[in-house]
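What follows is a short report on a single structure.
In listed order, ligands and their atoms are each counted from 1.
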Amino acid sequence: MMQIQPKLTSVETSIFSIMSALAQKHNAINLSQGFPNFKSDPVLIQAVTKAMNSGKNQYAPMPGVFALRESISKKFEGLYNTSYHPETEITVTAGATQAIFTIISTFVKPGDEVIIFKPAYDCYQPAIELNGGKTISIPLKAPDYLIDWQAVAKNITSQTKLIIINTPHNPSGTVMSEKDMLKLQALTDNTDIIILSDEVYEHIIFDGEIHQSVCRFPKLKERSFITASFGKTFHNTGWKIGYCCAPKPLMEAFRNVHQFNVFSVNHPTQVALAEYLKTPDHYTGLSEFYQEKRDYFLKLIRHSRFKFTPSKGTYFQVLDFSEITEKSDIAFAKHLTIEEGIASIPLSVFNDQNRDDKVLRFCFAKTEETLQKAAEILNAI
Ligand code: PMP
Ligand code: GLN
């Protein structure tokens, strides 16, 4: 018998696949996997069609269509008053997931340590482990999920290669403050630590807060990659297109791997996005758009038995069910899907084993009709 020895054995099928399939099987309202159930702008869809009809159907340049990189560069200038050179510091990727995997593969060697904060988005740790790295997890404590910077300081060693941050934060819906960023800047100053700043929800931030991108802090910017996702911003998660930026030396190293990882990504979509991105209105209204949805959803469930702190960013809301049942979050999420007709994500899957904060994550990137139906179910529990 042939012996198969895969490298990645510590993981099971992603919770997003499991819960979406369970929702479908039981015809449940799916607030689990994070995707909108409304349409992307027809103008953008027509622009992709136009690009395909005009023959943009062969390989795009390896780092991405130049016009798109220029539009991304202008977006940074407009929003954060900082610049990334379109020629050397921006690369278009197959979603943020590929950028994250490629960044980790570019730098993490066996024995290197990578600091992540738990609960953590699910694609970080497998990529670290596939590259022989060691994950150093620092817990974010419910219900505020704040970073304990003393714990970070204690966990930085000569082996620390990378620190991965994510703001606005999936799954908790919290955001990092200016103070947090200054702490990170002070702790990494004069080190060789690289920062991967996962900012896929940069345009979804509530209550007048501003997004604290690493690029606002010059000493953080010089050691950081930012990853971004057009799927999250333009309501088309299925297109799997995003980008990352970093100072030239970091980006050169990234592209050495990217060229053998995907070489280049979907061409007509890039052509369309290059034009679409020139109108800032296409992304500056997103916070207001999603804040209305958050407020609508929370108002509807304010008398339910779930407890919550309103999400500060992302399109996720965590709900505490500790007053409802003693069940584990995984068992309760399955029960809600199968018996009550509503699917969510149990937070423990983003945590180390044995941590169960008794909270579930619900995606509110849905039509009012869907949110209303969801609220009716939640209110009756
Ligand atoms: N990071 C976070 C925090 C996410 O929620 C997601 C899901 N959009 C990704 C990365 C991956 O983004 P993409 O779908 O563009 O690969
Ligand atoms: N980012 C999405 C979420 O957090 C899911 C992406 C995926 O299915 N891998 O729900």
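Under a 3.5 Å cut-off, the side chain of Lys240 and the backbone N or O of Thr93 do not form any donor-acceptor pair.
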Run the ring pair (Phe, Tyr, Trp, His ring centres under 6.0 Å) test on Phe350 and His169 for me, step by step, so that the C-alpha distance in whole Å, both residues' side-chain angles and the decisive distance to 0.1 Å come before the verdict. CA-CA 12 Å; Phe350 303 109; His169 183 253; 8.5 Å; no
Could you walk me through whether Tyr201 and Tyr290 pass side chain to side chain contact (heavy atoms under 4.5 Å, CB included), step by step? CA-CA 11 Å; Tyr201 300 102; Tyr290 276 120; over 6 Å; no
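Taking Ile, Leu, Val, Met, Phe, Trp and Tyr as hydrophobic and joining them when side-chain heavy atoms fall under 4.5 Å apart, one finds Met62 in a cluster with Phe263. Chaining together hydrophobic side chains whose heavy atoms lie under 4.5 Å apart places Met2 alongside Ile4.
The distance from ligand 2 to the heavy atoms of Phe316 drops below 4.0 Å at these ligand atoms: 3 (C), 4 (O), 10 (O).
Here the two rings, on Tyr243 and Tyr84, have centers that are 6.0 Å apart or farther. Ring centroid separation for the pair Phe230 and Tyr276 does not come in under the 6.0 Å cut-off.
Using a 4.0 Å heavy-atom criterion, the residues that approach ligand 1 are Gly95, Ala96, Thr97, Ile100, Tyr121, Asn166, Asn170, Asp198, Val200, Tyr201, Ser229, Lys232, Lys240.
Contacts between Asn170 and ligand 2 below 4.0 angstrom, taking non-hydrogen atoms only, involve the side chain exclusively.
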Contacts under 3.5 angstrom, residues 298-305 side chains, donor-acceptor by atom type, not counting sequence neighbours:
{"from": "Arg302", "atom 1": "NH1", "to": "Lys299", "atom 2": "O", "distance (Å)": "2.6"}
{"from": "Ser304", "atom 1": "OG", "to": "Ile301", "atom 2": "O", "distance (Å)": "2.9"}
{"from": "Ser304", "atom 1": "OG", "to": "Phe306", "atom 2": "N", "distance (Å)": "3.2"}
{"from": "Arg305", "atom 1": "NE", "to": "Ile381", "atom 2": "O", "distance (Å)": "3.3"}

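Looking at heavy atoms from C-beta onward, Phe101 lies in side-chain contact with Ser105 at the 4.5 angstrom threshold.
The shortest separation from a heavy atom of Tyr121 to ligand 2 is under 4.0 Å, placing the residue in contact.
The heavy atom nearest to atom 2 (C) of ligand 2, considering only Lys232, Lys240, Met19, is found in Lys232.
Nearest to atom 8 (O) of ligand 2 among the protein's heavy atoms is Gln33 NE2, 2.7 Å. For atom 7 (C) of ligand 2, the closest heavy atom belonging to the protein is Phe16 CD1, 3.5 Å.
Taking distance alone, with nitrogen or oxygen atoms compared against 3.5 Å, Arg361 approaches ligand 2 more closely than that limit.
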